[in-house]
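Encoded as structure tokens, the structure appears first; notes follow it.
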Amino acid sequence: MTRQMTGAKMVVQALKDQGVDTVFGYPGGAVLPIYDEIFQQNDIKHVLVRHEQAALHAAEGYARSTGKVGVALVTSGPGATNAVTGLTDALLDSIPLVVFSGQVPTFMIGTDGFQEADTVGITRPCTKHNWLVKDTDTLSGTIHQAFHVATSGRPGPVLIDLPKDVQFAEGNYTAPAKINVSHYQPRVKASIEEINGIVDLLEKAERPVFYTGGGVINSGTGASQLLRELVDATGFPITSTLMGLGAYPASGKSWLGMLGMHGLYEANMAMHDCDLMINIGARFDDRITGRIQDFSPHSTKIHIDIDPSSINKVIRVDLPVIGDVGHVLEDVLKVWKSRGRKTADTSAWWKQIDEWREVRCLTYKNSDTIIKPQYALQRLQELTKGMDRYITTEVGQHQMWAAQFLGFEDPNRWMTSGGLGTMGYGFPASIGVQMAHPDSLVVNVAGEASWLMNMQEMGTAMQYRLPVKQFILNNERLGMVRQWQQLLHGERYSSSWSEALPDFVKLAEAFGAKGIQCSDPKDLDDAIMEMIEYDGPVIFDCLVEKHENCFPMIPSGKAHNEMLLGDASTEGAIKSDGAVLV
């Protein structure tokens with residue numbers, strides 16, 4: 001049965017029918033009819049951000065930490081263009097978002113009206129799909145299809161552009177159950193031939209490694225549980241991309257740590273020397289593969305992915321399997337168990353891995369007088385271990401150190417910008433996470449330069465009384481840029497120092513929040529506990545070593561087995577720049 005209502009009311013009704021409880025947005029003239037409808041109901045919370053980019057990142061944090069769809073609402077013109085960074089970030093990291101943008105009335109489209117932009121044209125490359133709705137009768141169906149597209153197959157962002165007259169006009173509302181979505185039904189099950197092929201290879205491999213990515217987490221908690229069962233039952237080692245951390249527990253006996261450009265030595269070496277690589281929900285990103293022609297040259301490669309376009313896009317594989325990770329893992333376990341749980345002897349492989357672990361690639365030279373960033377994160381890990389904790393990050397050295405030194409036991413606890421590397425992501429993402437988990441500890445690990453990109457969101461945190469903790473590793477540098485300039489550009493430090501920084505304690509107090517500064521290692525534990533125990537937003541200004549480099553590091557254009565290690569590690573020849581080339 002259809003109902004007559006305005007387009008603006010349809011938007012709110014459709015969100016309710018889709019189970020949405022939180023929307024992040026910023027009002028403007030082209031979406032005021034929707035805001036008026038939001039005002040007249042109490043089922044959906046609206047979070048007023050201070051910038052549209054932040055609305056998208058907050059929606060991403062909400063989505064990543066809950067497994068639900070994140071929803072954002074922005075106005076036309078600059079509101080929509082400000083959302084482009086968040087859309088692109090969500091597309092690359094496969095985060096399901098539904099974004100509504102206002103548009104000038106239909107009769108003004110193409111006239112260069114006030115705050116008009118070709119939003120559909122601008123956002124076409126950075127969404128899974130987008131729509132310009134010109135008829136109110138089609139609006140509800142479009143919204144329901146948008147949620148289907150955002151969550152089906154490889155998740156991602158979609159956008160609906162809404163002219164103002166469509167929001168005012170009346171039309172027929174259609175419920176979700178009445179919508180035909182058969183035109184987009186991605187394949188989720190692998191064939192029995194493909195499943196048998198995977199099991200054949202699992203049974204014969206002597207040097208196997210599971211290479212997992214964000215696709216495991218996107219598939220749901222069931223997929224993570226199935227992955228854990230398969231890894232523990234086979235006894236095979238497992239590594240993960242930045243986006244896949246937490247799918248397998250960091251305390252698990254088969255865990256090698258993260259791989260890639262700043263991954264662990266043992267993980268990268270295992271990837272290089274394995275005879276069977278089982279890629280589950282990862283996309284062979286360039287941060288992982290290094291020099292393509294030398295990437296794991298002697299391995300047979302399986303690639304399980306729900307996105308057909310990811311198969312053979314970067315690395316040619318021997319057994320491509322298109323399907324949902326959860327479904328494929330379930331079938332692999334069934335067949336493998338029915339065939340007697342057979343595996344080859346991997347004891348020699350584990351002995352080799354243990355030798356690589358002895359390199360102790362995360363070792364660093366600590367100090368009694370200055371806080372090393374690695375030490376700061378080690379203490380944060382120890383003091384919050386076992387807590388109901390969620391971590392977001394900005395982008396840079398601090399992001400990589402967080403991935404190296406913070407342990408994640410469960411999926412959906414780690415929110416970071418992997419594919420796009422968006423500075424300014426972490427703070428608004430932490431707001432989205434805290435909205436979804438009001439009683440949990442949410443910590444944003446930040447660099448001072450990244451954090452300043454969306455510092456205005458302190459207003460949002462204060463308005464909604466969100467006790468988000470901003471843990472800033474302040475080295476007064478664009479740390480990763482400075483590191484690359486030191487190692488690869490002859491120590492020519494072009495525009496890589498952060499000058500004219502604010503007093504972060506005073507900045508926090510100006511917003512009505514708590515500010516903490518710490519510069520002495522012996523005071524660090526007490527300061528971290530003060531941050532955790534304060535019932536409100538905190539800016540923690542942790543003054544750290546200014547010129548610390550993030551190792552291990554695979555230099556651009558090098559292979560997995562050509563890593564730079566810090567000079568405190570136990571192998572390799574020390575280079576003049578203080579790194580160790582392995």
Side-chain angles (χ1 to χ4, degrees), residues 4-15 23-38 46 49 51-57 59 70-92 97-150 156-174 179-181 183-184 420:
Q4 282 280 120
M5 61 181 73
T6 66
K9 193 173 186 67
M10 279 187 192
V11 171
V12 175
Q13 185 60 51
L15 293 179
V23 173
F24 303 89
Y26 200 96
V31 286
L32 285 185
I34 299 173
Y35 272 89
D36 192 47
E37 290 295 336
I38 290 174
H46 178 273
V49 296
H51 191 284
E52 290 88 356
Q53 180 188 348
L56 274 290
H57 295 327
V71 179
L73 174 59
V74 301
T75 194
S76 63
T81 58
N82 281 345
V84 167
T85 297
L87 288 168
T88 310
D89 190 272
L91 184 71
L92 288 176
L97 300 184
V98 173
V99 179
F100 296 90
S101 59
Q103 185 54 274
V104 299
T106 54
F107 57 85
M108 289 182 60
I109 292 176
T111 68
D112 293 333
F114 177 66
Q115 290 195 333
E116 180 188 1
D118 179 11
T119 301
V120 167
I122 290 168
T123 62
R124 185 171 289 117
C126 55
T127 54
K128 279 189 74 176
H129 196 62
N130 61 16
W131 297 263
L132 171 62
V133 179
K134 294 185 177 181
D135 182 354
T136 308
D137 279 331
T138 66
L139 175 55
S140 57
T142 300
I143 295 172
H144 299 318
Q145 286 191 46
F147 276 84
H148 174 72
V149 172
V158 298
L159 179 137
I160 301 172
D161 202 29
L162 289 173
K164 193 169 185 178
D165 56 332
V166 172
Q167 299 171 45
F168 277 122
E170 289 204 343
N172 292 315
Y173 178 82
T174 307
I179 302 302
N180 180 13
V181 293
H183 58 287
Y184 182 56
L420 193 61

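- Counting heavy atoms of neighbouring residues, nucleotides and ligands inside a 6.0 Å radius, atom NZ of Lys128 exceeds 12 of them.
- Two residues are said to be in side-chain contact when any heavy atoms from C-beta on lie closer than 4.5 Å; Met5 and Gln13 meet this criterion.
- Taking OG1 from Thr85 and CG from Leu420, the interatomic distance works out to 7.0 Å, rounded to the nearest 0.5 Å.
- Once rounded to the nearest 0.5 Å, the distance linking CD of Glu37 with CG of Leu15 reads 11.5 Å.
- Tyr184 and His129 share no side-chain donor-acceptor pair at under 3.5 Å.
- One distance of note links CE of Met10 with CG of Leu139; it measures 6.0 Å at 0.5 Å rounding.
- Across Val98 and Ala150, no two heavy atoms sit closer than the pair CG2-CB, 4.2 Å.
- Annotation: side chain of Val84 is in contact with side chain of Ile122 (closest heavy-atom distance under 4.5 Å).
- The two residues Ala146 and Ile160 have their closest heavy-atom pair at CB-CD1, 3.7 Å.
- Within the 4.5 Å cutoff, the side chain of Val11 has no heavy atoms near those of the Ile38 side chain.
- Between Leu132 and Pro163, the closest side-chain pair of non-hydrogen atoms falls below 4.5 Å.
- In plain terms, the two heavy atoms of Ile143 and Ala14 that are nearest each other are CG2-CB, 3.6 Å.
- The distance from the CD atom of Gln167 to the CZ atom of Phe100 is 10.5 Å, given to the nearest 0.5 Å.
- Side-chain contact check for Thr138 versus Trp131: every heavy-atom pair is 4.5 Å or farther apart.
- When all heavy atoms of Thr88 and Cys126 are compared, the closest pair comes out as OG1-CB, 3.2 Å.
- Atoms CG and OG1, from Leu162 and Thr136 in turn, are 9.0 Å apart once rounded to the nearest 0.5 Å.
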Practice prompt. Walk me through it: do Val23 and His46 pass the test side chain to side chain contact (heavy atoms under 4.5 Å, CB included)?
Written response: CA-CA 5 Å; Val23 173; His46 178 273; 4.2 Å; yes

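- Here Glu116 pairs with nothing under the salt bridge (Lys or Arg N to Asp or Glu O under 4.0 Å) rule; sequence neighbours left out.
- Using a 4.5 Å heavy-atom threshold, the side chains of Val104 and Phe114 count as separate.
- With Asp137 contributing its side chain and Asn172 its backbone, the two residues share a donor-acceptor pair below 3.5 Å.
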Side-chain donor-acceptor pairs of residues 24-34 under 3.5 Å, sequence neighbours excluded:
none

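- Across every non-hydrogen atom of Thr127 and Leu87, the tightest pair is CG2-CD2, 4.0 Å.
- You'll find the side chain of Thr174 reaches within 4.5 Å of the side chain of Ile179, heavy atoms only.
- Minimum interatomic distance between Pro125 and Leu91 (heavy atoms only, all atoms of both residues): O-CD2, 3.5 Å.
- Residues Asn82 and Gln53 bring no donor and acceptor atom of their side chains to less than 3.5 Å of each other.
- Residues Val166 and Asp135 have side chains not in contact (no heavy-atom distance under 4.5 Å, counting atoms from C-beta outward).
- For the residue pair Gln145/His183, the side-chain donor-acceptor check at 3.5 Å is satisfied.
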Discussion item. I'd like to know whether Lys9 forms a side chain to side chain contact (heavy atoms under 4.5 Å, CB included) with Thr6, so could you lay out the CA-CA distance, the side-chain angles of the two residues, the decisive distance to 0.1 Å, and finally the verdict.
Written reply: CA-CA 5 Å; Lys9 193 173 186 67; Thr6 66; 3.4 Å; yes

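- Taking OG from Ser76 and CD from Gln103, the interatomic distance works out to 6.0 Å, rounded to the nearest 0.5 Å.
- Applying the side-chain contact (heavy atoms from CB on, under 4.5 Å) rule to Ala80 yields the partners Ser101, Thr119; only residues at least two apart in sequence or on another chain are considered.
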